[in-house]
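These notes are about the structure you will find just below.
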Amino acid sequence: MVPGVRRLTATNPSPMTGEGTQSYLVGAGDLVVVDPGPDDAGHLDRIVDASGGRIRYVVVTHAHDDHAPGARSLARRTGALVLGPPAGGAYAPDAVLADADVVAVPGWRLTALHTPGHAPEHLCYLLDTEREGSGFVEGGHRPRPEVAVVESAGPRLLFSGDHLLFSGDHLLGGASTVVAPPEGDMAAYLASLERLLRLDPGIDAVAPGHGPLLAGARAVIVAQLAHRAERERQVVAALERSPYATSAGLATTVYGDLDPGLVPAARLQVWAHLRKLATEGRARSTDPDDPGGSWDAV
Ligand SMILES: [Zn+2]
(Lines give C-alpha, C1' and ligand atoms only; values in the text may rest on other atoms or scores of the structure.)
Protein backbone atom coordinates (compact mmCIF):
# COMPACT_ATOMS: atom_id res chain seq x y z
CA MET A 1 0.00 0.00 0.00
CA VAL A 2 1.38 3.42 -0.95
CA PRO A 3 0.38 5.99 1.63
CA GLY A 4 -1.43 8.76 -0.20
CA VAL A 5 -1.84 11.34 2.51
CA ARG A 6 0.40 12.31 5.39
CA ARG A 7 -0.72 14.53 8.24
CA LEU A 8 1.51 17.02 10.07
CA THR A 9 0.18 19.02 13.01
CA ALA A 10 1.40 22.61 13.43
CA THR A 11 2.54 23.73 16.87
CA ASN A 12 -0.20 26.32 17.39
CA PRO A 13 -2.47 24.70 20.00
CA SER A 14 -5.17 26.87 21.61
CA PRO A 15 -8.84 26.65 22.68
CA MET A 16 -9.75 27.65 19.10
CA THR A 17 -7.25 25.49 17.16
CA GLY A 18 -7.30 22.30 19.27
CA GLU A 19 -3.92 20.57 19.24
CA GLY A 20 -2.94 22.74 16.27
CA THR A 21 -3.68 23.18 12.56
CA GLN A 22 -3.56 19.96 10.54
CA SER A 23 -1.52 20.23 7.35
CA TYR A 24 -1.75 17.39 4.82
CA LEU A 25 0.74 16.18 2.20
CA VAL A 26 -1.04 14.46 -0.71
CA GLY A 27 0.50 12.25 -3.37
CA ALA A 28 3.33 9.81 -3.85
CA GLY A 29 5.72 11.73 -6.10
CA ASP A 30 4.90 15.31 -6.88
CA LEU A 31 2.90 16.48 -3.88
CA VAL A 32 0.09 18.83 -2.92
CA VAL A 33 0.09 20.47 0.52
CA VAL A 34 -3.35 21.24 1.91
CA ASP A 35 -3.32 24.16 4.40
CA PRO A 36 0.33 24.88 5.29
CA GLY A 37 -0.85 26.57 8.50
CA PRO A 38 0.78 29.58 10.13
CA ASP A 39 4.06 31.01 8.81
CA ASP A 40 6.03 28.98 11.33
CA ALA A 41 9.55 28.01 10.27
CA GLY A 42 9.65 24.81 12.34
CA HIS A 43 6.35 23.51 10.94
CA LEU A 44 7.31 24.44 7.37
CA ASP A 45 10.70 22.70 7.86
CA ARG A 46 8.86 19.50 8.78
CA ILE A 47 6.61 19.79 5.71
CA VAL A 48 9.59 20.34 3.41
CA ASP A 49 11.54 17.46 5.02
CA ALA A 50 8.57 15.08 4.68
CA SER A 51 8.04 16.08 1.04
CA GLY A 52 11.55 15.39 -0.21
CA GLY A 53 11.32 18.83 -1.81
CA ARG A 54 8.70 17.76 -4.34
CA ILE A 55 5.82 20.09 -3.51
CA ARG A 56 4.09 21.20 -6.68
CA TYR A 57 1.01 22.93 -5.27
CA VAL A 58 0.03 24.47 -1.97
CA VAL A 59 -3.76 24.60 -1.73
CA VAL A 60 -5.54 26.62 0.92
CA THR A 61 -9.07 26.19 2.31
CA HIS A 62 -9.46 29.75 3.55
CA ALA A 63 -7.38 32.80 4.37
CA HIS A 64 -7.50 32.61 8.20
CA ASP A 65 -4.22 33.07 10.06
CA ASP A 66 -4.05 29.51 11.37
CA HIS A 67 -4.41 27.99 7.87
CA ALA A 68 -2.88 30.12 5.13
CA PRO A 69 0.06 32.41 6.02
CA GLY A 70 2.63 29.61 5.59
CA ALA A 71 1.71 29.30 1.90
CA ARG A 72 3.97 32.02 0.50
CA SER A 73 6.99 30.93 2.56
CA LEU A 74 6.49 27.34 1.46
CA ALA A 75 6.18 28.45 -2.18
CA ARG A 76 9.41 30.46 -1.92
CA ARG A 77 11.26 27.47 -0.50
CA THR A 78 9.95 24.85 -2.94
CA GLY A 79 8.84 26.64 -6.12
CA ALA A 80 5.28 25.43 -5.55
CA LEU A 81 2.25 27.34 -6.82
CA VAL A 82 -0.21 28.63 -4.23
CA LEU A 83 -3.86 27.92 -5.14
CA GLY A 84 -7.06 28.66 -3.25
CA PRO A 85 -9.68 31.31 -2.50
CA PRO A 86 -9.02 35.01 -3.13
CA ALA A 87 -6.31 36.78 -1.11
CA GLY A 88 -6.94 37.81 2.48
CA GLY A 89 -4.83 38.70 5.51
CA ALA A 90 -1.29 37.33 5.18
CA TYR A 91 -2.21 35.08 2.25
CA ALA A 92 -2.14 35.68 -1.52
CA PRO A 93 -2.59 32.90 -4.11
CA ASP A 94 -0.84 32.60 -7.47
CA ALA A 95 -4.21 31.54 -8.90
CA VAL A 96 -7.73 31.63 -7.46
CA LEU A 97 -9.72 28.39 -7.46
CA ALA A 98 -13.47 28.27 -8.00
CA ASP A 99 -16.01 25.56 -7.25
CA ALA A 100 -15.33 22.34 -9.22
CA ASP A 101 -11.77 23.33 -10.17
CA VAL A 102 -9.41 20.36 -10.04
CA VAL A 103 -5.82 20.26 -8.76
CA ALA A 104 -4.02 17.11 -9.90
CA VAL A 105 -0.66 15.45 -9.40
CA PRO A 106 0.04 12.05 -10.99
CA GLY A 107 -2.45 9.57 -9.58
CA TRP A 108 -4.24 12.03 -7.29
CA ARG A 109 -6.97 14.55 -7.86
CA LEU A 110 -8.38 17.25 -5.57
CA THR A 111 -11.68 18.87 -6.51
CA ALA A 112 -12.48 22.25 -4.96
CA LEU A 113 -15.92 22.61 -3.38
CA HIS A 114 -17.14 26.08 -2.45
CA THR A 115 -18.46 25.73 1.10
CA PRO A 116 -19.29 29.19 2.48
CA GLY A 117 -20.41 29.60 6.09
CA HIS A 118 -17.32 29.69 8.32
CA ALA A 119 -15.79 32.07 5.76
CA PRO A 120 -17.48 33.35 2.60
CA GLU A 121 -14.79 32.02 0.25
CA HIS A 122 -14.11 28.75 2.09
CA LEU A 123 -13.16 25.77 -0.09
CA CYS A 124 -13.17 22.10 0.86
CA TYR A 125 -11.22 19.65 -1.33
CA LEU A 126 -12.45 16.21 -2.25
CA LEU A 127 -9.66 13.71 -2.91
CA ASP A 128 -9.80 10.70 -5.12
CA THR A 129 -7.21 8.67 -6.94
CA GLU A 130 -6.58 7.70 -10.50
CA ARG A 131 -4.32 4.74 -10.08
CA GLU A 132 -2.57 3.12 -12.98
CA GLY A 133 -4.79 0.37 -14.31
CA SER A 134 -7.93 1.92 -12.86
CA GLY A 135 -10.56 3.54 -14.99
CA PHE A 136 -13.83 2.56 -16.51
CA VAL A 137 -14.14 -1.06 -17.60
CA GLU A 138 -16.86 -2.92 -19.43
CA GLY A 139 -20.24 -2.34 -17.85
CA GLY A 140 -19.21 1.06 -16.56
CA HIS A 141 -17.84 -0.32 -13.31
CA ARG A 142 -14.81 1.49 -12.05
CA PRO A 143 -12.47 -0.27 -9.64
CA ARG A 144 -12.81 1.46 -6.31
CA PRO A 145 -9.94 3.82 -5.62
CA GLU A 146 -8.44 3.78 -2.17
CA VAL A 147 -6.89 6.55 -0.18
CA ALA A 148 -4.73 5.93 2.86
CA VAL A 149 -3.89 8.58 5.43
CA VAL A 150 -0.96 8.21 7.78
CA GLU A 151 0.50 10.29 10.58
CA SER A 152 3.75 11.67 9.21
CA ALA A 153 5.55 11.36 12.54
CA GLY A 154 4.45 7.70 12.92
CA PRO A 155 3.77 6.48 10.38
CA ARG A 156 0.51 5.17 11.80
CA LEU A 157 -2.41 4.33 9.53
CA LEU A 158 -5.35 6.65 10.28
CA PHE A 159 -7.74 5.86 7.45
CA SER A 160 -8.00 3.65 4.45
CA GLY A 161 -10.93 4.10 2.11
CA ASP A 162 -12.23 5.93 -0.90
CA HIS A 163 -13.31 9.55 -0.95
CA LEU A 164 -11.64 11.80 1.56
CA LEU A 165 -12.71 15.40 2.17
CA PHE A 166 -10.21 18.01 3.33
CA SER A 167 -12.64 20.18 5.23
CA GLY A 168 -10.50 23.09 6.52
CA ASP A 169 -12.68 24.72 9.18
CA HIS A 170 -16.00 23.65 7.63
CA LEU A 171 -15.98 20.46 9.74
CA LEU A 172 -13.68 19.91 12.73
CA GLY A 173 -12.67 16.80 14.62
CA GLY A 174 -14.18 16.81 18.10
CA ALA A 175 -15.59 20.35 17.98
CA SER A 176 -18.07 22.56 16.15
CA THR A 177 -16.66 25.25 13.91
CA VAL A 178 -17.15 28.94 14.69
CA VAL A 179 -19.60 30.73 12.42
CA ALA A 180 -18.78 34.33 13.31
CA PRO A 181 -20.66 37.18 11.62
CA PRO A 182 -20.28 39.31 9.69
CA GLU A 183 -17.88 37.01 7.81
CA GLY A 184 -19.60 33.86 9.02
CA ASP A 185 -23.12 33.08 7.80
CA MET A 186 -25.18 30.38 9.52
CA ALA A 187 -27.68 29.88 6.68
CA ALA A 188 -24.83 29.49 4.17
CA TYR A 189 -23.03 27.14 6.58
CA LEU A 190 -26.01 24.81 6.85
CA ALA A 191 -26.57 24.89 3.07
CA SER A 192 -22.91 23.94 2.55
CA LEU A 193 -23.28 20.98 4.93
CA GLU A 194 -26.38 19.82 3.10
CA ARG A 195 -24.56 20.09 -0.21
CA LEU A 196 -21.85 17.72 1.09
CA LEU A 197 -24.55 15.19 1.96
CA ARG A 198 -25.83 15.26 -1.64
CA LEU A 199 -22.44 14.52 -3.24
CA ASP A 200 -22.42 11.41 -5.37
CA PRO A 201 -20.32 9.39 -4.79
CA GLY A 202 -20.47 10.25 -1.14
CA ILE A 203 -17.61 11.21 1.18
CA ASP A 204 -16.19 8.37 3.26
CA ALA A 205 -14.06 10.31 5.72
CA VAL A 206 -13.20 13.87 6.63
CA ALA A 207 -9.67 15.19 7.19
CA PRO A 208 -10.36 18.37 9.16
CA GLY A 209 -8.20 21.46 9.68
CA HIS A 210 -8.24 20.76 13.44
CA GLY A 211 -8.74 17.56 15.41
CA PRO A 212 -8.72 13.89 14.47
CA LEU A 213 -9.76 12.28 11.21
CA LEU A 214 -13.52 11.62 11.02
CA ALA A 215 -14.66 8.27 9.64
CA GLY A 216 -18.32 7.85 8.72
CA ALA A 217 -18.57 11.27 7.07
CA ARG A 218 -22.30 11.09 6.43
CA ALA A 219 -23.10 10.49 10.12
CA VAL A 220 -20.71 13.30 11.11
CA ILE A 221 -22.47 15.79 8.81
CA VAL A 222 -25.96 14.67 9.86
CA ALA A 223 -24.92 15.04 13.53
CA GLN A 224 -23.55 18.53 12.86
CA LEU A 225 -26.81 19.60 11.18
CA ALA A 226 -28.78 18.21 14.15
CA HIS A 227 -26.48 20.00 16.59
CA ARG A 228 -27.03 23.34 14.84
CA ALA A 229 -30.79 22.79 14.70
CA GLU A 230 -30.82 22.07 18.44
CA ARG A 231 -28.74 25.20 19.12
CA GLU A 232 -31.20 27.23 17.07
CA ARG A 233 -34.11 25.84 19.12
CA GLN A 234 -32.24 26.85 22.31
CA VAL A 235 -31.67 30.38 20.99
CA VAL A 236 -35.36 30.73 20.04
CA ALA A 237 -36.46 29.45 23.46
CA ALA A 238 -34.08 31.83 25.28
CA LEU A 239 -35.24 34.72 23.09
CA GLU A 240 -38.90 34.02 23.86
CA ARG A 241 -38.14 34.14 27.60
CA SER A 242 -35.99 37.31 27.39
CA PRO A 243 -37.35 40.19 25.31
CA TYR A 244 -34.81 42.85 24.33
CA ALA A 245 -31.97 40.38 24.88
CA THR A 246 -28.46 40.79 23.52
CA SER A 247 -26.47 37.98 21.94
CA ALA A 248 -24.12 38.12 24.98
CA GLY A 249 -27.05 37.65 27.40
CA LEU A 250 -28.56 34.88 25.31
CA ALA A 251 -25.18 33.12 25.06
CA THR A 252 -25.04 32.91 28.87
CA THR A 253 -28.51 31.31 28.91
CA VAL A 254 -27.77 28.91 26.05
CA TYR A 255 -24.19 27.88 26.86
CA GLY A 256 -24.11 28.23 30.67
CA ASP A 257 -20.64 28.23 32.25
CA LEU A 258 -17.95 28.22 29.59
CA ASP A 259 -14.17 28.37 29.52
CA PRO A 260 -13.62 32.18 29.41
CA GLY A 261 -11.53 31.67 26.26
CA LEU A 262 -14.63 30.33 24.47
CA VAL A 263 -17.13 33.03 25.55
CA PRO A 264 -16.47 35.42 22.62
CA ALA A 265 -17.01 32.55 20.14
CA ALA A 266 -20.23 31.49 21.94
CA ARG A 267 -21.62 35.03 21.65
CA LEU A 268 -20.79 35.08 17.95
CA GLN A 269 -22.54 31.70 17.44
CA VAL A 270 -25.71 33.08 19.03
CA TRP A 271 -25.46 36.23 16.92
CA ALA A 272 -25.08 34.04 13.79
CA HIS A 273 -28.26 32.13 14.71
CA LEU A 274 -30.13 35.40 15.40
CA ARG A 275 -29.14 36.80 12.01
CA LYS A 276 -30.37 33.63 10.32
CA LEU A 277 -33.66 33.86 12.24
CA ALA A 278 -33.96 37.53 11.19
CA THR A 279 -33.66 36.64 7.49
CA GLU A 280 -36.45 34.09 8.07
CA GLY A 281 -38.68 36.68 9.79
CA ARG A 282 -38.49 34.81 13.12
CA ALA A 283 -36.44 37.38 15.06
CA ARG A 284 -35.84 41.11 14.76
CA SER A 285 -33.25 43.59 15.99
CA THR A 286 -32.81 47.33 15.93
CA ASP A 287 -29.62 46.54 13.98
CA PRO A 288 -28.81 42.93 12.98
CA ASP A 289 -25.31 44.12 11.98
CA ASP A 290 -24.54 45.36 15.52
CA PRO A 291 -23.05 42.56 17.68
CA GLY A 292 -24.31 44.46 20.77
CA GLY A 293 -27.82 45.02 19.40
CA SER A 294 -30.97 43.90 21.23
CA TRP A 295 -33.23 41.19 19.84
CA ASP A 296 -36.84 40.07 20.00
CA ALA A 297 -38.70 37.00 18.88
CA VAL A 298 -41.26 37.61 16.12
ZN1 LIG B 1 -10.97 29.51 10.00
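Just follow the structure's listing: the first ligand is 1, and inside any ligand the first atom is 1. Residue numbers start at 1 and run along the sequence shown.
Relative to the six-membered ring of Trp271, Arg267 misses at least one condition, a distance below 6.0 Å or an angle of at most 45° to the axis.
Summarising the local packing, CG of Asp287 is surrounded by more than 12 heavy atoms from other residues, nucleotides or ligands at distances under 6.0 Å. Taking a 6.0 Å sphere around CZ of Arg218, one finds it holds 12 or fewer heavy atoms contributed by other residues, nucleotides or ligands.
Only protein atoms were considered; those of element N, O or S under 2.8 Å from the Zn ion (ligand 1) number 4.
Between His62 and His67, the two ring planes are tilted [angle within 30° to 60°]. Between His122 and His170, the two ring planes are tilted [angle within 30° to 60°].
Gln224 places a side-chain heavy atom less than 4.5 Å from the side chain of Tyr189.
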